[in-house]
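A short write-up of the structure that comes next.
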Amino acid sequence: MNARIARPAAAAAVAAIMLVSLSACGGDGAAAPSGKVVIAGVEVVKDQKLHDLLPEKIKKAGEVRVATDVPYPPFEMFVKEGESTLTGLDYDLGQALGAKLGVTFAFTPQKFDGIVPAIQAGKFDAAMSAITDNKERQKVVDFVDYSQSGSGVLVADGNPGKITTLDDLCGKKVAVQAATHQLDLLKTHQEACGKAGKGKIDIQTFPKDSDAQLALRSGKVVAQVLTKPAAGWVAQTADAGKAFDLVEDPAASGGYDATPNGIAISKQLPELTDAVQKALQSLIDEGTLLRIYNKYGVGSILVKEATKNASVD
């Protein structure tokens with residue numbers, strides 16, 4: 001599971017401070033987008049039939065009020081540290097959906113653990129913040145699922161340890177952040193290592209992912225296990241893509257223990273859920289969604305079908 005069940009308090013605090021100026025983006029009467037909208041090099045145009053599916057209150061407002069919690073790369077990030085302008089996979093997807101539906105997806109700050117309650121209270125229409133779709137959340141919001149992601153394996157540039165699957169980590173030193181699902185994944189895999197007649201994984205825990213990556217850079221470990229979207233982003237951006245590689249296991253394209261991530265939408269707005277689902281499918285069919293995902297190095301977590309409430313946990 002690549003669940004964003006909770007967020008670090010520090011990240012939420014930074015988001016609250018740095019995103020205050022974004023609140024204006026969610027003001028009443030925001031105009032629908034006009035002119036040319038280009039996302040990840042692709043022009044996205046309004047589909048009038050999809051626009052007509054929107055609830056009257058959304059059409060009248062010209063916007064969808066979207067909650068998000070920043071930073072959480074590559075899904076939510078600041079373009080520049082110290083400024084409030086946003087970027088990231090969720091933000092780009094929101095702009096593409098808005099262009100397709102002919103309204104503005106207005107992102108505003110919200111602490112992660114308060115996102116679903118804020119939707120229930122009517123403060124937001126939806127949320128895009130790498131939220132894991134699960135049965136508990138489905139009781140109070142609906143999800144349109146747009147990715148399937150789990151844990152990934154990051155290795156040094158050139159993959160000197162020749163790591164291709166999770167099994168290749170058996171008998172080797174592997175870095176992981178403490179108190180994460182990825183640590184649980186490695187502990188659980190020890191049994192498989194034993195059955196295969198290989199040594200146990202020598203698990204090296206670190207307080208932060210960045211500390212684990214320092215160990216990987218120095219050769220103290222052969223790999224790091226972290227969320228696959230984060231691994232893909234680090235592989236693409238660290239030292240301009242020359243520091244690390246992302247292991248792509250065909251048997252686990254979205255990552256190990258992958259679960260669906262979705263756009264959370266108020267149960268009071270079923271027409272919005274329907275419109276967003278159809279708009280997302282259109283972006284998938286056109287290839288626009290893949291372009292957005294590839295921009296952030298996470299094309300493998302793309303889904304082929306925009307599903308509703310896909311989690312069966």
Side-chain angles (χ1 to χ4, degrees), residues 1-5 39-40 44 46-47 49-55 57-59 61 63-69 72 75-76 88-108 110 112 115-116 118-120 122-149 229 254 258-293 296 298 301-313:
M1 302 183 314
N2 180 31
R4 279 187 67 180
I5 301 297
I39 308 294
V44 183
K46 177 181 176 180
D47 185 321
K49 290 183 179 179
L50 294 180
H51 177 81
D52 292 343
L53 296 175
L54 291 168
K57 66 172 288 187
I58 299 295
K59 293 178 188 174
E63 70 171 18
V64 176
R65 300 168 300 163
V66 182
T68 194
D69 185 17
Y72 190 71
F75 291 95
E76 289 81 36
L89 189 154
D90 280 337
Y91 182 76
D92 282 1
L93 174 56
Q95 305 320 298
L97 287 170
K100 179 67 68 176
L101 292 168
V103 293
T104 298
F105 271 51
F107 282 64
T108 56
Q110 178 65 50
F112 188 78
I115 283 178
V116 171
I119 293 176
Q120 289 180 272
K123 183 178 179 181
F124 297 103
D125 305 309
M128 298 180 68
S129 204
I131 304 173
T132 298
D133 174 359
N134 61 37
K135 286 296 183 183
E136 188 65 27
R137 288 172 176 156
Q138 287 175 18
K139 294 176 182 178
V140 291
V141 295
D142 285 320
F143 285 96
V144 174
D145 300 297
Y146 63 99
S147 70
Q148 185 87 6
S149 62
T259 55
N261 296 323
I263 301 167
I265 301 176
S266 170
K267 282 189 175 290
Q268 304 303 313
L269 298 169
E271 301 97 335
L272 178 59
T273 300
D274 184 47
V276 168
Q277 184 178 7
K278 287 180 169 61
L280 183 62
Q281 188 62 54
S282 179
L283 293 172
I284 292 171
D285 295 342
E286 294 168 0
T288 302
L289 200 59
L290 180 59
R291 292 285 294 270
I292 293 173
Y293 282 35
Y296 296 99
V298 293
I301 71 171
L302 177 69
V303 293
K304 295 181 179 179
E305 181 182 359
T307 54
K308 177 183 173 181
N309 296 330
S311 176
V312 293
D313 67 344

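What's counted below: heavy atoms across the whole structure, side chains too, no hydrogens, waters or symmetry copies.
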Asp274/Lys278 salt bridge by N-O under 4.0 Å criterion: yes
Sub-4.5 Å side-chain heavy-atom contact between Phe143 and Ser311: no
What's the shortest heavy-atom distance between Gln110 and Ala67, and which atoms? CB-CB, 4.1 Å
Between Gly98 and Phe105 the two heavy atoms that sit nearest each other are CA-CD1, 3.5 Å
Flag the pair Lys59 and Glu271 as a salt bridge only when some basic side-chain nitrogen lies within less than 4.0 angstrom of an acidic carboxylate oxygen. no
Lys308, Gln277, Gln268, Arg137 screened by side chain to side chain contact (heavy atoms under 4.5 Å, CB included) with Asp142, the one that passes: Lys308
Shortest non-hydrogen contact between Gln138 and Ala310, atoms and distance: NE2-N, 4.3 Å
Mind checking whether Leu269 and Lys57 have side chains closer than 4.5 Å, heavy atoms only? yes
With distance as the sole criterion, is a donor-acceptor pair present between the side chains of Ser147 and Asn261 under 3.5 Å? yes
Set out, in order, the CA-CA distance, both residues' side-chain angles and the distance that settles side-chain contact (heavy atoms from CB on, under 4.5 Å) for Val141 and Ile265, then state yes or no. CA-CA 6 Å; Val141 295; Ile265 301 176; over 6 Å; no
Looking at Arg291 and Ile39, would you say the former's side chain and the latter's main chain have a donor-acceptor pair under 3.5 Å? no
Report, as yes or no, whether the 6.0 Å neighbourhood of atom NZ on Lys135 holds more than 12 heavy atoms from other residues, nucleotides or ligands. yes
Any sub-3.5 Å donor-acceptor pair from Ser149's side-chain atoms to Ile301's backbone N or O? no
Minimum heavy-atom separation for Val44 and Ala96, please, with both atom names. CG1-O, 3.5 Å
So do Glu76 and Phe107 actually touch side chain to side chain, heavy atoms under 4.5 Å? no
In this structure, OG1 of Thr68 is separated from CZ of Phe112 (nearest 0.5 Å) by 9.5 Å
If I take atom CD1 from residue Ile263 and atom CG from residue Asp90, how far apart are they, to the nearest 0.5 angstrom? 7.5 Å
Do the side-chain N and O atoms of Tyr296 and Asp92 include a donor-acceptor pair separated by under 3.5 angstrom? yes
When rounded to the nearest 0.5 angstrom, what is the spacing between OG1 in Thr259 and CD in Gln148? 6.5 Å
In Å, rounded to the nearest 0.5 Å, how long is the span from OH of Tyr293 to CD1 of Ile284? 7.5 Å
Here the gap from Ser129 atom OG to Ile115 atom CD1, rounded to the nearest 0.5 Å, amounts to 4.0 Å
Value for NZ (Lys100) from OG (Ser282), rounded to nearest 0.5 Å, stands at 3.5 Å
Thr104, Thr108, Asp125 screened by side chain to side chain donor-acceptor pair (under 3.5 Å) with Arg65, the one that passes: Asp125
Heavy-atom nearest pair, Ile119 first then Ala126, reads CD1-C, 3.8 Å
Can you see which heavy atom on Leu89 is nearest to which on Ile292, and at what distance? O-CG2, 4.2 Å
